Amino acid sequence: MRLSRYFMPTLRDAPSDAQIVSHQLMLRSGLIRQEAAGIYAWLPIGLKVLKKIEQVVREEMNRAGAVEVLMPTLQLADLWRESGRYDDYGDEMLRIKDRHDRDLLYGPTAEEVIVDIFRSYVKSYKDLPKNLYNIQWKFRDERRPRFGVMRGREFLMKDAYSFDIDETAARRAYNRMFLAYLNIYARLGLKAIPVRADTGPIGGDLSHEFIILAETGESEVFAHRDLVEMGAPGPDIDWDGDLQPLVEQRTRLYAASDEMHDAARFEVEAPEDKRMTARGIEVGHIFYFGDKYSKPMKAMITGPDGVDRPAQMGSYGVGVSRLVGGIIEASHDEAGIIWPDSVAPFGVAVVNLRVGAADVDAVADQAYRALDAAGLDPLLDDTDQRPGAKFTNLDLVGIPWQLIVGPKGVAEGVVEIKRRATGERQTLPLEAALKAIAG
RNA sequence: CGGGGCGUAGCGCAGCCUGGUAGCGCAUCUGCUUUGGGAGCAGAGGGUCGCAGGUUCAAAUCCUGCCGCCCCGACCA
């Protein structure tokens, strides 16, 4: 992409509405534009990042055996009357009427719709297990939207729903999601901690929130240090096998957010040098809720004994749009965003420092074509701004590499490369520079 | 939903107290000079001062109502 033809409106000053760093950086680097409280338009590079995160989530869900669908944003109120939630949900639900005066709503979540789909096709235990997910915009009319996309009213969420014949099988489904989530966050360059979450009236221990570590995070986490260092299980586990040991390895170590924290237990379960207190952002939540929806909505499964039982369900959410802000909170410096390679809007920026000088243009072009051919999705800065402005902007936007082509270097047959994350620079011949970036 | 704050050019702000020609920086446009970390000079354009009503000879400024946005708290991907 040529920057001169692109749309990447950066701002020198952050709009005063934005208070937290990720929100300021998202506005300044032209990722989003606010249209109303908690409602944002996604501009080109913001959209690219969002799509990349979405794709990571999709790949890991698929790997864990989930199957993608796409449910509508608008849902029928009647389905919610069946589950009993229509009246309970309150003002957070955006209610709409169509021209026939029929009650609709903009979905804040999709349990009702997925149960409606599931029940109309699946009747036998032989068709289980099933895990269906979608990545779709949700709307919750929050009392107080804030923190930019971290707490918007309209947000992109991956929500998965598992269906099983009994609780034992449902636990297996839960375990798959538990481990898949750790892999997702690891691929996004994040350190995530699964913490036990309140299960509400259902009870049991099958609910976890995933909190990514960021100094500016909104909630406090207390965890055994080994849990953080243990990291993700990786993609090459046997997803159909017994995952319980891998999950237990991680759930037996102490981890709690402030509302569930028990200081006395923390001291017993973690030796002093292993006790970690940090700030974080909740970016995922998984739980098992049995027949809470399948029972009232009559999603019945016939078992091997010929008896019908409501499907045992779980649901699993990842805040995709929230992760954009979360990654920035976890990874930035004074100059701007530092994207992990896996989600960066462009892999590398080719910086032409003297647009119009034939020899410089030629080298920049050559570098751009080579990086494009190598699949690095390069951005060619062919604008007529001064060098300082280009560097400042590219640092702000956080493109992982800069390949800098200037008249001095070209005269000597070299270019410069700079790694955004570390600031490390190297001056070397073009071929070597391309190799260093393309790996 | 309780408490607090703010709406003046695309962005950041001053002016309001004490009513009297709407300003500054950045950005934008034109020209010249510049060009390795947000250039310099000269010129230009851009505003129903959130909206409505009121007071007044006169309202960005004072009064009333409404709307929008932000922050703190209780709730959430």
Side-chain angles (χ1 to χ4, degrees), chain A residues 9-20 23-24 27-28 30 33-39 53 57 89-93 107-110 133 135-160 181 184-185 197-198 200 207-212 218-219 257 259 281-287 315-326 334-336 351-357 360 381 383-396 402 404-412 414-416 418 423 425 427:
Chain A
T10 55
L11 301 173
R12 194 168 196 145
D13 303 303
S16 57
D17 284 354
Q19 297 293 319
I20 64 160
H23 192 196
Q24 291 177 349
L27 293 167
R28 284 221 291 141
R33 168 164 174 90
Q34 180 165 347
E35 293 296 334
I39 299 178
I53 295 172
V57 172
Y89 217 90
D91 290 339
E92 276 197 17
M93 178 183 280
T109 176
Y133 75 98
I135 301 172
Q136 176 63 291
W137 293 93
K138 306 292 189 292
F139 194 93
R140 294 182 191 171
D141 202 352
E142 297 270 349
R143 289 191 187 101
R144 179 150 101 85
R146 62 189 128 156
F147 306 144
V149 300
M150 305 255 284
R151 177 80 174 262
R153 292 193 291 172
E154 187 182 45
F155 58 97
L156 188 62
M157 179 167 83
K158 185 285 299 177
D159 41 321
Y181 273 37
I184 288 169
Y185 301 123
D198 193 359
S207 181
H208 286 86
E209 289 176 356
F210 291 79
I211 301 197
I212 56 169
E218 48 183 334
S219 48
S257 56
E259 35 315 346
I281 300 160
E282 187 195 335
V283 290
H285 194 168
I286 62 177
F287 44 94
S315 81
Y316 316 89
V318 171
V320 176
S321 48
R322 172 179 283 190
L323 273 167
V324 180
E334 311 72 44
V351 191
N352 184 334
L353 292 185
R354 188 73 62 85
V355 174
V360 179
D381 189 344
T383 62
D384 60 2
Q385 295 176 96
R386 299 171 65 81
K390 296 189 178 199
F391 294 136
T392 305
N393 267 325
L394 293 168
D395 286 347
L396 170 65
Q402 291 170 24
I404 301 156
V405 184
K408 290 176 197 163
V410 167
E412 294 164 24
V414 294
V415 298
E416 188 181 2
K418 179 185 148 187
R425 300 150 180 270
T427 301

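As the structure is a computational prediction, the values presented were derived from the model and not from experiment. Protein chains get the first letters and strands the later ones, always in sequence-line order, with residue 1 at the start of each.
- Comparing A:Asp384 and A:Met150 by the nucleotide of RNA chain B whose heavy atom lies nearest to each, the residue mapping closer to the 5' end is A:Asp384.
- A:Glu218 has its CD atom 12 Å from the C1' atom of B:C75, to the nearest Å.
- Using a 4.5 Å cut-off on side-chain heavy atoms (C-beta onward), A:Asp91 and A:Arg143 make no contact.
- Nucleotides B:C6 and B:G47 are separated by 27 Å at their P atoms, to the nearest Å.
- Figure legend. B:C75 is base-paired to no nucleotide; pairs are counted as Watson-Crick or G-U wobble with both atom distances under 3.5 Å.
- Side-chain contact between A:Gln385 and A:Val355 is absent, with no heavy atoms from C-beta onward closer than 4.5 Å.
- When rounded to the nearest whole Å, the span between NE2 of A:His23 and P of B:C70 equals 8 Å.
- With a cut-off of 3.5 Å on both pairing distances, the Watson-Crick or G-U wobble partner of B:G7 is B:C67.
- One atom, NZ of A:Lys138, and another, P of B:C76, lie 18 Å apart when rounded to the nearest Å.
- With sequence neighbours left out, A:Phe391 forms a ring pair (Phe, Tyr, Trp, His ring centres under 6.0 Å) with no residue at all.
- Evaluation of A:Phe155 against the base of B:A77 yields a stacking contact (centre distance < 5.5 Å, interplanar angle < 30°).
- For the C1' atoms, the distance from B:G37 to B:C16 is 41 Å, rounded to whole Å.
- The gap from the C1' atom of B:A9 to that of B:G25 amounts to 12 Å, rounded to the nearest Å.
- B:C49 and B:G23: their C1' atoms are spaced 12 Å apart (whole Å).
- Taking atom C1' on both B:U21 and B:G31, the two are 31 Å apart, rounded to the nearest angstrom.
- One interatomic measurement links the two molecules: CG of A:Asp17 to P of B:C69, which rounds to 9 Å at whole-angstrom precision.
- Taking atom P in both B:C69 and B:U64, the straight-line distance is 23 Å, to the nearest Å.
- Contact annotation: the side chain of A:Leu353 never approaches that of A:Val360 to less than 4.5 Å [non-hydrogen atoms, C-beta and beyond].
- Annotation: side chain of A:Ser257 is in contact with side chain of A:Glu209 (closest heavy-atom distance under 4.5 Å).
- Within 4.0 Å of A:Gly284, counting heavy atoms only, lie sugar-phosphate atoms of the nucleic acid but no base atom.
- Taking atom P on both B:G20 and B:G12, the two are 26 Å apart, rounded to the nearest angstrom.
- A:Glu154 meets the salt bridge (charged side-chain N to carboxylate O under 4.0 Å, His left out) test with no other residue; sequence neighbours excluded.
- In this structure, the CZ atom of A:Arg354 is 11 Å from the P atom of B:U34, given to the nearest Å.
- Counting only N and O atoms by type, the side chains of A:Gln136 and A:Asp159 include no donor and acceptor under 3.5 Å apart.
- Two residues are said to be in side-chain contact when any heavy atoms from C-beta on lie closer than 4.5 Å; A:Thr392 and A:Arg12 fail this criterion.
- Across the P atoms, B:U30 and B:C67 are found 44 Å apart, a figure rounded to whole Å.
- Note that CD1 of A:Ile20 is 4.5 Å distant from CE of A:Met150, once rounded to the nearest 0.5 Å.
- Phosphate contact (OP1/OP2 of B:C70, side-chain N/O of A:Gln34, threshold under 4.0 Å): present.
- Pairing for B:G46 is absent, with no Watson-Crick or G-U wobble pair whose two atom distances lie under 3.5 Å.
- When the nucleotides B:C70, B:G38, B:C71 are ranked by their closest atom to the side chain of A:Phe147, B:C71 comes out on top.
- Between A:Arg151 atom CZ and B:C72 atom P there is a gap of 11 Å when expressed in whole angstrom units.
- For the salt bridge (charged side-chain N to carboxylate O under 4.0 Å, His left out) test, no residue two or more places apart in sequence or in another chain qualifies with A:Glu334.
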Using a cutoff of under 3.5 Å, can you pull out all pairs of nitrogen or oxygen atoms linking the protein to nucleotides 39-44 of chain B, with atom names and distances?
| from | atom 1 | to | atom 2 | distance (Å) |
| --- | --- | --- | --- | --- |
| B:A39 | OP2 | A:Arg386 | NE | 3.4 |
| B:A39 | O4' | A:Arg386 | NE | 3.4 |
| B:A39 | N9 | A:Arg386 | NH1 | 3.4 |

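- For A:Glu218, the side-chain contact (heavy atoms from CB on, under 4.5 Å) partners two or more places apart in sequence, or in a different chain, are A:Phe147, A:Ile281, A:Arg322.
- Here A:Asp395 lies in heavy-atom contact (under 4.0 Å) with a base.
- In this structure, CG of A:Asp381 is placed 15 Å from P of B:G37, rounded to the nearest angstrom.
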For nucleotides 1-11 of chain B, which of its nitrogen or oxygen atoms have a protein nitrogen or oxygen under 3.5 Å away, and what is each distance?
| from | atom 1 | to | atom 2 | distance (Å) |
| --- | --- | --- | --- | --- |
| B:C11 | O2' | A:Asp13 | O | 3.2 |

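- The shortest distance between side-chain heavy atoms of A:Tyr185 and A:Val318 falls below 4.5 Å.
- Using Watson-Crick or G-U wobble geometry with both donor-acceptor distances under 3.5 Å, B:A14 finds no partner in any strand shown.
- Atom CD in A:Glu209 sits about 13 Å away from atom P in B:C75, given to the nearest Å.
- Across all strands shown, A:Gly90 has no heavy atoms under 4.0 Å from either base or sugar-phosphate atoms.
- With a 3.5 Å ceiling on both atom-pair distances, the Watson-Crick or G-U wobble partner of B:A39 is B:U33.
- At a cut-off of 3.5 angstrom, the base of B:G37 holds at least one donor-acceptor pair with the side chain of A:Arg425.
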